[in-house]
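Have a look at the structure below before the remarks.
Below, chain A is the first sequence line, B the second, and so on; all start at residue 1.
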Amino acid sequence: MADPTATTTTSAATSAVDSGIIIDHVTMAFAGRNVLHDVSMTFPAATVTGLIGHNGSGKSTLVRIIAGYHKPVWGSAWLGGERVDSPVTAARLGLRFVHQDLGLIPEFTPVENFGIGGTYSQTRVGSVDWKEQRRRMEDVYDLLDCPVPPNKPISKLAAVERSLIAIARAVRARPGDASSEDAARFIVLDEPTTTLEAAEAEQLFRVVNTMVGAGIGALFISHHLKDVLNLCSGVHVLRDGYHIGTFDCQTATRSMLVEAMLGAETAAAERESAKVVERRHHSASAAPVVDVKNLTSISLHGVDLTLHKGECVAVVGLAGSGREEITYALAGAIPIGFDSMMVGGSPVSKISPKVARQHRVALAPGNRLPGTLINDFSLRENLTLVSLEELSGRGSFINKQRERAKAREWIRRFDIKPDDTDYGSRYLSGGNKQKLIIAKWLSIGPQAMLIDEPIAGVDVGAVAMLFDTLRTYVAEGGSLLFSTSELDDALALADRVIVLNEGRVIRELIRGTDEITETSLLLAMVEGSPATDSTVVPSSNTVTAG
Amino acid sequence: MKLPNQLKSKLSVRVIGAIYVWIALIVLFAILQPATFFNYGTVKQVLNEYAVTGLVALGLILPLAAGLYDLSVGAIAGLSGIGSAWFLAHVSANPFLALLAGLVAALLAGGVNIIVVIGMKVDSFIGTLATGSIITAVVTAIAGDNVITQNVNGSFQVDFGIKSVLGMTLPVGLMLVGMLLLAYLMEKTAVGRRLYATGYETEVARLGGVNVDRLRMATLLGSSLFAGLAGVCEAASLGAGDPTVGPAYLLPAFAAAFLGATQFRGGRFNPWGTVVAVLLLGTGDVGLLIVGAPAWTPSIFEGLLLITAVSLTHAHGLNPLRSLRNRFGNRQASADVTPSAGGAQMVDEVPQAATPTLMVNEPTAKPSGGQA
């Protein structure tokens, strides 16, 4: 609240209050604990307004209040001049949601998905009038000024096409149309860019801007501050249930937002750890821990790769470049072929996660990916799942004392909250889950760690801690290879960055020898791609962030 | 202060609700028919008659914990019963060889399940439904619609069906030994932990180095072995190989396994809960008949119990069947297992670095949202 850098201008409240969202002195408590403290803010109509705050800041509670799912203890939410007191009211007032998982049925075509949650037009005999449905959908796409997706099941469409269907479905009808009762007035976009490449996100943003131009307001929730600055007019920041401030995105910078989200002290610590640390140059003479020749899989077409002891390698590339498969392929978790492979220093003829584990090579998908944690297990059971052999003696009997001691040790070391070994993993926050995943694998004392998307969906505070841990691991002689779509990670952690393109290594950048910047990585990623005809061109235009 | 609290939470209705229901049933029947119900004879009857169901149910929790259905356990019990009877009538009257023959038949059937479910990757619900039907047909083919009694009602019946300790026959002992064995395996060993991991999140187990297929094969063999033992015991206590008895064990076994999962272990299939559930089931069935309810009432009781058990697991937010549900309900989840479908975020901004943007077709203008 009393943050010096926060320019608390609620200028948003000036225009078109009638059809925007107004949060009026909302206080919310669960089980006697306040999660929102007297929050007042405005999301004006026909504008994109951001809402940011790290996990536990009260963001989702606020959104649920707007949606009418929670009744605040004090104050109220208004939409279009009417008080929102139930989900039914919110829907009637034209509030719609595009959730992170989109809520589409993968086997259905776009038209079939379009009608879900709305009304279907019917023929005289009561069957669905698909022609009319299609016309309605095309009308919305026309409004949004983007191409209508082909008549294929959702699962066969590109990620951005799926997102656009979800948005089109939320818009539902042209505002001011004859059937305008159905039309959206305000759309909440919850982390819509998480599964999108930068180019796709830009496409999405254009559609959102068109939508806003047509008079529909948008509330944009994202961890990606750059997206927020790029898309929104203004942004509200929540921290620990307080409305910290409202920023104008024309003038705000990323660091201003980070500071508002975390508080000045934590933000400084985060900057410190995000700083690119100069490390000793890795010597090519160090022993290789993982080495593969001519690795092939569905999306990899002949990759030679070596990971040395005490080295950190990042693998980057556009979607479909093979980046998403590389960690799984190296551990044999997907069908692969290779000429020769060495794992943990010894040659192997076949590879599977089990073989990798035996050679103390860990494969850890990032938070929210499949294969990370078992929600129904306690912290202890998740932590020790891959080290049961060490904890069990004859007859594979698990030594309970040792198991508990081990779980306690790693929970303490990673500062996982709460520090109860029997706590249900389901109830952990995203950051703590990611800590648990990394702790679980570090506890086997791995020679090498292969991590897919190490910080996807993790809040800023936990990222700093994870980075520190991984740096320490490498500094102590471990080897780390991770694939990432966040170039930040690659820049902050890696000694060497491997750039994949179309399933092949197209470039290798070594810290100290090559210039590793976001620009050089982006250039390498798109280089040689046949899709460069129009789609992706790095530009010298920088984001106006200040 | 801590101990009473711990004890309290261990005795709560959420943890051992079935035991309270069980006690309530006993009280109810004891009031209705104090003379005929409330005596040691009833205890013997419940245990001796329902230990066979207990064996089937205990075996069933193995594949269930690993995330597989086995709907063929009833048919397999029938097969092993008929197998041992046929062996006695046609090969040798040695009861132990007959027992062995019954178990071998059951394990062969388990092998067929493995081929279908693991080898051919047919969904376990559908696959074992089909193999169960085939096995039942094989049973009928072997018995030719007749009840086999030759040599079955001899020393085989005496050894495995009649001999008793404190009035308890062999299956009761087998059930208790089976319960302890499974409790050790599932709750105290690394194998057990991996079993539950496989059932809850197959992908976590697989990436963690568990040989998921091999583990699941073992559970299918395990459930057939228990069903095989049950079948032989049933044939022995009847003194006959009856081709019609097997399938009747399916429903009570499922009811016991699912109700058992709501007991003691917060939603996990476990042997303790399963045996308690079997006893509850047996007490209800036997009690209903003793108080003079019509013969069809036990089936209604069993059906209701299965529904109650499953709805209880949901009401508690428990999920013994996560991976099963995923397979049926959420095809997208399985599609997501390919890493390429995983999330991919894009370029965020680096402090103090130049920040180019990726552009599509045309230079992107700053959103014209209109805020001064």
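- Residues B:Gln263 and B:Trp272 fail the side-chain proximity criterion, which asks for heavy atoms closer than 4.5 Å.
- If you measure heavy-atom distances from A:Ser483 to chain B, you find no contacts under 4.5 Å at all.
- At a 4.5 Å heavy-atom cutoff, the contact between B:Tyr184 and chain A is made by side-chain atoms alone.
- The candidate from A:Ala218, A:Ser396, A:Pro353 with the greatest count of non-hydrogen atom pairs under 4.5 Å with chain B is A:Ser396.
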Inset, instruction - Using the salt bridge (Lys or Arg N to Asp or Glu O under 4.0 Å) rule, take B:Arg193 and A:Glu389 through it: C-alpha gap first, then chi angles, then the decisive distance, then the call. - result: CA-CA 11 Å; B:Arg193 194 66 65 71; A:Glu389 254 120 35; over 6 Å; no
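- Side-chain contact annotation: A:Thr49 with A:Thr47, donor-acceptor N/O pair under 3.5 Å absent.
- For chain B, the option among A:Leu388, A:Ile398, A:Ile444 with the highest count of heavy-atom pairs below 4.5 Å is A:Ile398.
- Remark: side-chain polar atoms of A:Ser352 are paired, donor with acceptor, to backbone N or O of A:Val355 under 3.5 angstrom.
- Using modelled atom types, no side-chain atom of A:Ser378 and backbone atom of A:Asp422 make a donor-acceptor pair closer than 3.5 Å.
- With a threshold of 4.5 angstrom between heavy atoms, A:Ala331 does not approach chain B through any atom at all.
- If you measure heavy-atom distances from A:Ser155 to chain B, you find no contacts under 4.5 Å at all.
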